[in-house]
> 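What follows is a single structure, and I will ask about it in a moment.
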Amino acid sequence: MSAATAHGYEVLARADLPVDTVDLARTLIGKVVVRETSDGLLSGRIVETEAYLVGDAASHAYRGETARNRVLFGDRGYAYVYLAYGVSYMLNVSSEAAGVGAGVLVRALEPLVGIATMQLNRGVETLRDLARGPGRLAAALDIDRRLDGADLCRIGPLWLARDLHDALDIGISTRIGLTKAADRLLRFYVRDNRFVSGPKALNS
DNA sequence: AGTGCGATTGACT
DNA sequence: GTCAATCGCACTA
């Protein structure tokens, strides 16, 4: 039996996702986010992620389960979407076993399919700026709280797909924009990739 | 019921 | 480089 495919993409099975949050953050680099909307198909390759661990003061799950973060406490491979600074939505992938609160923030994409629609969604033309940064990424793909809880291992409005490209040079750095636990090396990115966010010093 | 604060972004000096 | 916008949420009382 072969895995389900759509639009030329093969959906990632939950068994393909590492349970461990750091392993998942690394594994997601190079995978593809697929967004299906009434305006058509949008997709992009993940070039930057951050892990938010159990016992991590910077994690939304740190103070226990609430109505907002409940997805982080479910099984791995589901979308946790929240609004940051009252301005930007953030896309996360839940990790670890059910009952354990942790996840991976998807911080940047290399746009692949539906670039014209992403330009409209963002109000910006520049390819490099369409999904460089978590808030921009969510805006480009028209992601908001309606997609909170979406199963990313099932073909639908939002899912994860394999990518043909392998052997990416992955760098590690501190996470961006934190006031707590800011020293931990939990950010993963494709080295010297122009679609990665953050200061130059952290990207090579 | 009131308060303080961000896993950011875009505009501006 | 600096800084304000903006609002849902968690915490205090």
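In the text below, chain A, chain B and the rest are named by the order of the sequence lines, each starting its count at 1.
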> Does NZ or CZ of R76(A) come closer than 6.0 Å to the centre of the six-membered ring of Y78(A), within 45° of the ring's axis?
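Ring-cation test returns no.
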
> What's the closest nucleotide to the L83(A) side chain, out of dC7(C), dG6(B), dT8(B)?
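Shortest atom-to-atom distance from the side chain points to dC7(C).
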
> Less than 6.0 angstrom separating the ring centers of H60(A) and Y52(A), yes or no?
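H60(A) vs Y52(A): aromatic centres not under 6.0 Å.
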
> Taking only N and O in the side chain of R122(A), is any of them less than 4.0 Å away from OP1 or OP2 of dG10(B)?
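Result: yes.
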
> Would you kindly give the OH-to-C1' distance between Y62(A) and dC11(C), to the nearest whole Å?
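Atom OH in Y62(A) sits about 15 Å away from atom C1' in dC11(C).
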
> Do we get R145(A) above Y89(A)'s six-membered ring, with its NZ or CZ under 6.0 Å from the centre and within 45° of the axis?
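Output no; distance or angle outside limits.
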
> Whole-Å distance between dT8(B) P and L178(A) CG?
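Spelled out: CG on L178(A) to P on dT8(B) is 7 Å.
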
> Quick one: L137(A) CG to dA7(B) C1', roughly how many Å, whole number?
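Atom-to-atom, L137(A) to dA7(B), this comes out as 13 Å.
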
> Taking only the side-chain heavy atoms of R63(A) (C-beta and beyond), determine which of dT8(B), dA10(C), dA7(B) contains the nearest atom.
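Nearest nucleotide to the side chain: dA10(C).
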
> Can a donor-acceptor pair be found between the side chains of S173(A) and R187(A) at a distance below 3.5 Å?
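The answer is yes; a qualifying pair exists.
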
> Using a distance-only test with no angle check, is there a side-chain donor-acceptor pair under 3.5 angstrom linking R132(A) and N193(A)?
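N193(A) and R132(A) do not have a side-chain donor-acceptor pair below 3.5 Å.
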
> Between the side chains of D163(A) and R45(A), is the shortest nitrogen-to-carboxylate-oxygen separation below 4.0 Å, so that they form an ion pair?
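Yes.
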
> Note every stem involving DNA chain C: at least three consecutive Watson-Crick or G-U wobble pairs, i with j then i+1 with j-1, with both distances under 3.5 Å.
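The stems that DNA chain C takes part in, listed by first number, are B:1-6 with C:7-12, B:8-12 with C:1-5.
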
> Describe the nucleic acid contact of R187(A) in one word from base, sugar-phosphate, nothing, applying a heavy-atom distance below 4.0 Å.
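Nothing, no nucleic acid heavy atom in range.
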
> Of all the choices, dG6(B), dA7(B), dT6(C), which nucleotide is nearest to the side chain of V87(A) once you look at every atom?
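Minimum distance to the V87(A) side chain belongs to dT6(C).
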
> Could you give the CZ-to-C1' distance, from R132(A) to dG10(B), as a whole number of Å?
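Value for this atom pair: 12 Å.
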
> Look at D151(A) together with R14(A) and state whether they make a salt bridge at an N to O cut-off of under 4.0 Å.
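Yes, charged N to carboxylate O under 4.0 Å.
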
> Answer yes or no for this row: Y52(A) ring on dA7(B) base, centroids under 5.5 Å, planes under 30°.
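Yes, Y52(A) stacks on the base of dA7(B), since the ring centres sit under 5.5 Å apart and the planes are within 30°.
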
> Rounded to the nearest Å, what distance is computed from the OH atom of residue Y85(A) to the C1' atom of nucleotide dG10(B)?
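From Y85(A) OH to dG10(B) C1': 14 Å.
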
> Expressed as a whole number of angstroms, how long is the span from D129(A):CG to dT9(B):P?
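Spelled out: CG on D129(A) to P on dT9(B) is 11 Å.
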
> Please work out if R68(A) contacts a base, only the sugar-phosphate, or nothing of the nucleic acid, heavy-atom cut-off 4.0 Å.
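Sugar-phosphate, no base atom in range.
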
> Please determine whether a side-chain nitrogen or oxygen atom of S88(A) lies at a distance below 4.0 Å from atom OP1 or OP2 of dT9(B).
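Negative; the distance criterion is not met.
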
> Looking only at side-chain atoms of R136(A), point me to the closest of dA7(B), dG6(B), dT9(B).
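Nearest to the side chain of R136(A) among the choices is dT9(B).
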
> Just the rounded figure in Å: distance from C1' of dT8(B) to CE of M90(A).
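That distance rounds to 5 Å.
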
